[in-house]
Amino acid sequence: MGKENWSSVSAFFLLGFSKQKEQQEVLFGLFLSMYLVTVASNLLIILAIISDAHLHTPMYFFLANLSLADACFVSTTVPKMLANIWTQSQVISYAECLSQLYFFMLFVMLEVFLLAVMAFDRFVAICHPLHYIMVMSPGLCVLLVIASWIMNALHSLLHTLLMNSLSFCADHEIPHFFCDINPLLSLSCTDPFINELVIFTLGGLAGLVYVLCLIISYAYIFSTIRKIPSAQGKQKAFSTCSSHLSVVCLFFGSSCCVYFSPPSTRSAQKATAASVMYTVVTPMLNPFIYSLRNQDIKSSLRKLIWVRKIHSF
């Protein structure tokens, strides 16, 4: 493509969903409700874990960080989409787009890391219960979370800087409701080889390590559970990781539909709909999965709500 078709980008246009006003109003109410429920429920999980001393364990420490990541994750994309629907505008500035890309990649990689660490935590608890306190020490847990924030922040910064080095064509329309990396690369007029190389090497390597951690941990977990003689013992052991396994399946199942579906079956509408699943629906469902299937969380939430009621009276 000739340089005459290149342009100095000042803004992009997020095409989002339907352009019909009636549907826009329905979408605004739907996504606003989902966003408020997501933020409120995740913050409630965090408060419940902080306020209950019985939940000051590695598993719930990682769960609190996962809830924080979910609240930040959904806040990266949904508020801008709601603002665009409310103002009947599709514009997002170049700086806003790159900022959104940075924080989106940061929180999605942080979520994947936390899910992998939580799988390792369950592996140690079920397969090596006598060594659990020694292995999953408070210092190690804090170090893992801090290291994850730093590594993922640098990883996201690298992708954002590489994206900033590209030139974009005259068509600045993004067939999405947020600035994702693949739609942005498709608008580039310069060769995105370096960007794609970094994605497939660093991103692929990090993703492979996280996924292998999940697979290996649960392979050992299921192997250990099978060796438990009583059915009650098997059920009790499996119940400690069933919530986490449900969240893992929901997150990776929906994200794989976006990034690993065959090009022949992929369309902008399908990709956008699938993206809603793992960027909006999954962070909203995670607190309910953990609270409904975890007696400790339910008990802590009841205590928290009861104390609030007493103070209000």
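Of all heavy-atom pairs between L110 and A69, the closest is CD2-CB, 4.0 Å. In this structure, L106 and A153 approach most closely via the heavy-atom pair CD1-N, 3.6 Å. The nearest pair of heavy atoms linking G233 to S230 is N-OG, 3.1 Å.
The aromatic rings of W149 and F107 stand perpendicular to each other, their planes meeting at an angle above 60°, with 30° marking the opposite boundary. Between Y218 and H244, the ring-plane angle classifies as parallel under the 30° and 60° cut-offs.
In this structure, Y60 has its ring center no closer than 6.0 Å to that of H54.
Taking the side chain as every heavy atom from C-beta outward, Y210 and L115 never approach each other to under 4.5 Å. Contact annotation: the side chain of I92 approaches that of C179 to within less than 4.5 Å [non-hydrogen atoms, C-beta and beyond]. Between P287 and L44 there is no side-chain heavy-atom pair separated by less than 4.5 Å. With a 4.5 Å cut-off on side-chain heavy atoms, Q90 and F12 do not count as touching. Looking at F123 and I216, their side chains never come closer than 4.5 Å, going by heavy atoms from C-beta outward. Counting only heavy atoms from C-beta outward, the side chains of L14 and C97 never approach each other to under 4.5 Å.
Heavy atoms of other residues, nucleotides or ligands lying less than 6.0 angstrom from OH of Y132 number more than 12.
Hydrophobic clustering (side-chain heavy atoms under 4.5 Å, transitive across Ile, Leu, Val, Met, Phe, Trp, Tyr) keeps L197 apart from M105. F193 is not connected to L184 by any chain of hydrophobic side-chain contacts under 4.5 Å among Ile, Leu, Val, Met, Phe, Trp and Tyr, and they are in different clusters. Taken together through direct or relayed side-chain contacts under 4.5 Å among Ile, Leu, Val, Met, Phe, Trp and Tyr, I181 and F200 form parts of separate hydrophobic clusters. L208 and L158 sit in two unconnected hydrophobic clusters of ILVMFWY residues. Membership requires side-chain heavy atoms under 4.5 Å apart, directly or through other members. At a threshold of 4.5 Å between side-chain heavy atoms, the hydrophobic network of Ile, Leu, Val, Met, Phe, Trp and Tyr places F13 and M163 in two separate groups.
Under a 3.5 Å cut-off, the side chain of S41 and the backbone N or O of T38 do form a donor-acceptor pair. A donor-acceptor distance shorter than 3.5 angstrom exists from the side chain of Q100 to the backbone of T76, with no hydrogens or angles considered. Judged by distance alone, with hydrogens and angles left aside, the side-chain atoms of S223 form no donor-acceptor pair with the main-chain N or O of A219 at under 3.5 Å. Put simply, the side chain of S137 never gets that close to the backbone of I133: no donor and acceptor are under 3.5 Å apart. One N or O on the side chain of S165 and one on the backbone of L162 form a donor-acceptor pair closer than 3.5 Å. In this structure, S148 contributes its side chain and L144 its backbone to no donor-acceptor pair below 3.5 Å. Judged by distance alone, with hydrogens and angles left aside, the side-chain atoms of D121 form no donor-acceptor pair with the main-chain N or O of V117 at under 3.5 Å. Between the side chain of N42 and the backbone N or O of M284, no donor-acceptor pair lies under 3.5 Å. Judged by distance alone, with hydrogens and angles left aside, the side-chain atoms of H131 form no donor-acceptor pair with the main-chain N or O of V124 at under 3.5 Å. Using modelled atom types, no side-chain atom of S167 and backbone atom of T190 make a donor-acceptor pair closer than 3.5 Å.
Here the rule is side-chain contact (heavy atoms from CB on, under 4.5 Å) with S300, and of L55, I49, L47 only L55 fits it.
To the nearest 0.5 angstrom, H56 atom NE2 is 7.5 Å from I50 atom CD1.
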Original post:
Given F252 and Y278, is the ring pair (Phe, Tyr, Trp, His ring centres under 6.0 Å) satisfied, shown in steps?
Top reply: CA-CA 8 Å; F252 282 97; Y278 85 96; over 10 Å; no
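Note on residues 72-85: pairs passing salt bridge (charged side-chain N to carboxylate O under 4.0 Å, His left out), not counting sequence neighbours, are K80-E96.
S246 and Y290 share no donor-acceptor pair across their side chains, judged by distance under 3.5 Å alone.
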